[in-house]
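This one's a predicted model, so the numbers in the text were calculated from it and none came from an experiment. For the single chain, residues carry numbers from 1 onward in sequence order. Atoms within each ligand, like the ligands themselves, are counted from 1 in listed order. What's counted below: heavy atoms across the whole structure, side chains too, no hydrogens, waters or symmetry copies.
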Amino acid sequence: MSGLDVVELSVTYPGSPPVKAVDHVSLSIDRGEIVALVGPSGCGKSSLLGAIVGTIAPAAGAVMWDGVDVTSTPVHLRGFGMVFQDGQLFPHRSVARNIAFGLEMAGMDRALRAQRVTELLELVGLSDLGARAVSELSGGERQRVALARSLAPRPRLLALDEPLSSLDAELRGRLATEVRDILRAAGTTAIVVTHDHDEARAMATRLIDMANGRIVASSG
Ligand code: ADP
Ligand code: MG
């Protein structure tokens with residue numbers, strides 16, 4: 001039981017009738033594995049990710065890490081990180097201070113924090129841009145900062161929700177490989193959501209196909 005186990009997880013949104021966004025999904029991800037969750041818009045990918053990281057309360061089922069049930073563990077205590085489509089950077093913080101955010105929250109000492117930020121800038125290939133305002137970055141640079149910020153506190157699982165969707169096609173192809181290399185170098189267990197199979201294959205070692213709230217195929 002090493003890594004993530006999702007057991008019969010369901011997410012339901014209120015309404016009449018209620019929307020069954022995730023319908024009894026079970027999956028396992030080994031430590032160090034990068035898995036892509038693929039499927040058309042509206043099939044439940046973001047809802048599943050939210051239930052895994054803890055931003056959405058599931059209607060049923062369990063989320064386990066290394067065999068320990070974390071279903072009712074608050075999001076900030078799960079040790080899971082999240083990267084969103086638009087990065088959601090803090091506009092008034094520099095690149096370095098965006099990356100430092102989670103470390104500040106965790107109360108990390110200033111010198112150690114600076115060292116970790118330097119490591120992360122190097123990992124994502126932005127060593128020269130630490131002092132830059134995030135408003136002065138390209139879309140691709142922005143997403144690399146978002147990735148660095150999420151990786152800085154060493155999450156045991158990183159969930160990426162369409163991290164490249166806001167970028168143009170050419171950049172997306174290049175960055176998909178880059179993101180994979182960065183995740184591998186960090187040794188992070190990751191689940192990345194995309195609606196693009198090529199992108200999924202470029203980033204992940206295993207693909208899980210979703211439709212209508214359920215897993216319909218798994219390959220790799
Ligand atoms: P995906 O990320 O694959 O596009 P989502 O998980 O966002 O899919 O959505 C799955 C289904 O749940 C869709 O039918 C969507 O309309 C619905 N849904 C998502 N979020 C909410 C919400 N907050 N309230 C009600 N319905 C929602
Ligand atoms: Mg989504």
**Asked** Around Asp128, counting heavy atoms of other residues, nucleotides and ligands shown, do more than 12 lie under 6.0 Å from its CG?
**Response** no
**Asked** Just wondering, is there an N, O or S atom on Ser46 that's nearer than 2.8 Å to the Mg ion (ligand 2)?
**Response** yes
**Test item: side-chain donor near acceptor, Ser10 and Asp23, under 3.5 Å** = no
**Prompt:** Counting heavy atoms only, which part of Pro40 comes closer than 4.0 Å to ligand 1: side chain, backbone, both or neither?
**Reply:** backbone
**Complete:** protein heavy-atom neighbour closest to atom 9 (O) of ligand 1 works out as Ser47 OG, 3.9 Å
**Asked** Can a donor-acceptor pair be found between the side chains of Ser166 and Asp86 at a distance below 3.5 Å?
**Response** no
**Prompt:** Any salt bridge between Glu178 and Arg172, counting N to O under 4.0 Å?
**Reply:** no
**Prompt:** Nearest protein heavy-atom contact for atom 4 (O) of ligand 1: which residue, which atom, what distance?
**Reply:** Gly42 N, 2.6 Å
**Request:** Taking only Lys NZ, Arg NE, NH1 and NH2, and the carboxylate oxygens of Asp or Glu, determine whether Glu141 and Arg144 approach each other closer than 4.0 Å.
**Result:** no
**Item:** Non-hydrogen atom of Gly39 closer than 4.0 Å to ligand 1
**Value:** no
**Fill in**
Atoms of ligand 1 under 4.0 Å from any heavy atom of Ala21, numbered from 1 in the order shown, are 10 (C), 11 (C), 12 (O)
**Request:** Among all protein heavy atoms, pick the one closest to atom 7 (O) of ligand 1 and tell me residue, atom and distance.
**Result:** Ser46 CB, 3.8 Å
**Asked** Within a reach of under 6.0 Å around CD of Glu104, are more than 12 heavy atoms found that belong to other residues, nucleotides or ligands?
**Response** yes
**Message:** What I want to know is whether Val19 and ligand 1 share at least one N or O pair that is separated by under 3.5 angstrom.
**Reply:** no
**Message:** Around atom CZ of Arg180, are there more than 12 heavy atoms from other residues, nucleotides or ligands closer than 6.0 Å?
**Reply:** yes
**Per-atom contact, atom 12 (O) of ligand 1, protein heavy atoms, under 4.0 angstrom** = yes
**Asked** Do protein heavy atoms approach atom 27 (C) of ligand 1 to less than 4.0 Å?
**Response** yes
**Request:** Please write down residue, atom name and distance for the protein heavy atom closest to atom 8 (O) of ligand 1.
**Result:** Gly44 N, 3.2 Å
**Message:** Taking Asp66 first and then Arg31, would you say they form a salt bridge - that is, a charged N and a carboxylate O separated by under 4.0 Å?
**Reply:** yes
**Nearest neighbour in protein (non-hydrogen) for atom 19 (C) of ligand 1** = Tyr13 CE1, 3.5 Å
